[in-house]
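Quick notes on the structure that follows.
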Amino acid sequence: MLSLERAKKVKGELRVPSDKSISHRAVIFSSLARGESFIKEWLDSADTRATLSVMRALGVRVKREGKNLRVYGRGYSLSEPVDVLNAKNSGTTARLMLGVLSTQPFFSTLTGDKSLRQRPMLRVVEPLRRMGADIKGRQGGDRLPVSVVGGRLKGISFYNEKSSAQVKSSLLLAGLRAEGYTQVVEPTLSRDHTERMLSAFGAKLRREKVQEGHLVELQGFQDLEATEIVCPADPSSASFFVALAALLEGSELLLKEVLVNPTRDRFFRKLKEMGASVSYEDLRELSGEPVADLRVEYSGRLKAVEVRPEEVPSLIDELPVLAVVMALAEGTSRVTGAQELRVKESDRIRAVVENLRAMGAKVEELPDGFEIEGVERLRSGKVKTYGDHRIAMAFSVAGLTAQGQTIIDDHKCVSVSYPEFYRDLDYILVR
Ligand code: S3P
């Protein structure tokens, strides 16, 4: 439990922890590569630790060197684990590793924590079965625990209707050990870190815009070659501070080395559309990904905005904190086409609606989003996080703008993506 009070403003300079999606992938790809890889500025959080311990249980040797990892790759030849693998709270670990395990000719079982055991897995299990993996699990394989006996796969063409990066990545990881070609087409381009990083590990892939959307294709039995990956700062973690700077009068922040990949940075662009002052300085490239220093300055009350379905994938994880910003903007904002929010670490549509209402906002719940009529000031309330890190951080932002004392029922869940969130917050807060 944590109690928060209204802050005056935020000020200063900060490098938030590294990107979670990239840190997961860096461990997985370097484990599957041949040779010794070096991962710089790796995110050390509960989710990424889950990936690391699953890889270790599959026989991969990893040495920690401060904030970096040295990974001794096994070239797609892992060992049968002696116990159940546990992805804990991490959907990315579970879904990407199901793709990896499908390539391995041994028995393995994967489980997760209570939240992950309620999340759908058929989205990867079904196409992996089509590729030839033998997968069994609860509810026909839609829920963890799931057991896999893999090997002898063949490539498939898959239409990734939900534009899920986890599904795309899982199938590409399996496709690297499948006969023939594996193709994934998605209506909206989802985060493309897998494509970029596979190229950095020497894999050849074809990416093209096609009539149905975006195509990525690779040929099977390509080897990954060890390399060095530098992980940039996580835009999803940065979003909470960007929101605070845009909401608290007199704020000024410089957030260093933030990933601004166009499949990830729409929250920053949305805030600009609402009238916030957000600019990218020193735009550069780091391990094949665009990064910039983000300057954010308070620029008055923001205006309502709409998020359309095709915009959702590029700000999906930022929607809870965007909802908080919308609740304080002038006019009525709307998000649609975000039904995927219901199957994240919690039902994030329900969590956002309930908590915003408890803090005096006018919100309507939609099956696939929400409609929010902005108020001048939120009132303090009791926030229920549902053990979801992004709900805890988004509503900490809300609490810091509200009158009175806001209670966050379980703030420790931030360790999933940002263990030092409250310490960093303290560092930039002016009370
Ligand atoms: C992720 C993809 C997204 C995102 C999640 C991380 C990834 O999920 O919400 O936090 O690293 O590939 P979906 O693939 O289910 O959209």
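In this chain, residues are counted from 1 in sequence order. In this text the structure is predicted, and so the values were computed from the model without any measurement. As the structure lists them, so they are numbered: ligands from 1, and atoms in each ligand from 1. Hydrogens, waters and symmetry mates are skipped; everything else that's a heavy atom, side chains included, is used.
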Please identify which atoms of ligand 1 are closer than 4.0 Å to at least one heavy atom of T92.
1 (C), 6 (C), 7 (C), 11 (O)
Go through the steps to decide whether Y427 and E420 satisfy the test side chain to side chain donor-acceptor pair (under 3.5 Å), and finish with yes or no.
CA-CA 11 Å; Y427 177 72; E420 306 291 357; over 6 Å; no
Per-atom filter on ligand 1: closer than 4.0 angstrom to a heavy atom of A165 are 12 (O), 14 (O)
Is it the side chain (CB and beyond), the backbone, both or neither of K344 that lies under 4.0 Å from ligand 1, heavy atoms counted?
side chain
Does some side-chain heavy atom of L69 sit less than 4.5 Å from a side-chain heavy atom of K63?
no
List the steps, then state whether salt bridge (charged side-chain N to carboxylate O under 4.0 Å, His left out) holds for R123 with E340.
CA-CA 12 Å; R123 53 185 63 199; E340 275 294 293; 2.8 Å; yes
Backbone, side chain, both or neither: what part of R191 comes under 4.0 angstrom of ligand 1, heavy atoms only?
side chain
Could you tell me whether D388 and R390 have a side-chain N and a carboxylate O separated by less than 4.0 Å?
no
For atom 11 (O) of ligand 1, grab the closest protein heavy atom and report residue, atom and distance to one decimal in Å.
S21 OG, 2.7 Å
Give me the ring orientation class for F241 and F421: parallel if the planes are under 30° apart, tilted from 30 to 60°, perpendicular past 60°.
parallel
If you look only at pairs with a residue in residues 363-372, which of them pass as a side-chain hydrogen bond (donor to acceptor under 3.5 Å, both in side chains), with sequence neighbours excluded?
R342-E365, R350-E365
Is K272 positioned over the aromatic face of Y280, cation under 6.0 angstrom from the ring centre and no more than 45 degrees off axis?
yes
Test your reading of the structure: does S164 have an N or O sitting under 3.5 Å from an N or O of ligand 1?
yes
Students should be able to answer this: which protein heavy-atom is nearest to atom 1 (C) of ligand 1, and at what distance?
Q166 NE2, 3.6 Å
Could you find the nearest protein heavy atom to atom 10 (O) of ligand 1 and give me its residue, atom name and distance?
D317 OD2, 2.9 Å
In the protein, which heavy atom is nearest to atom 12 (O) of ligand 1, and how far is it?
R25 NH2, 2.6 Å
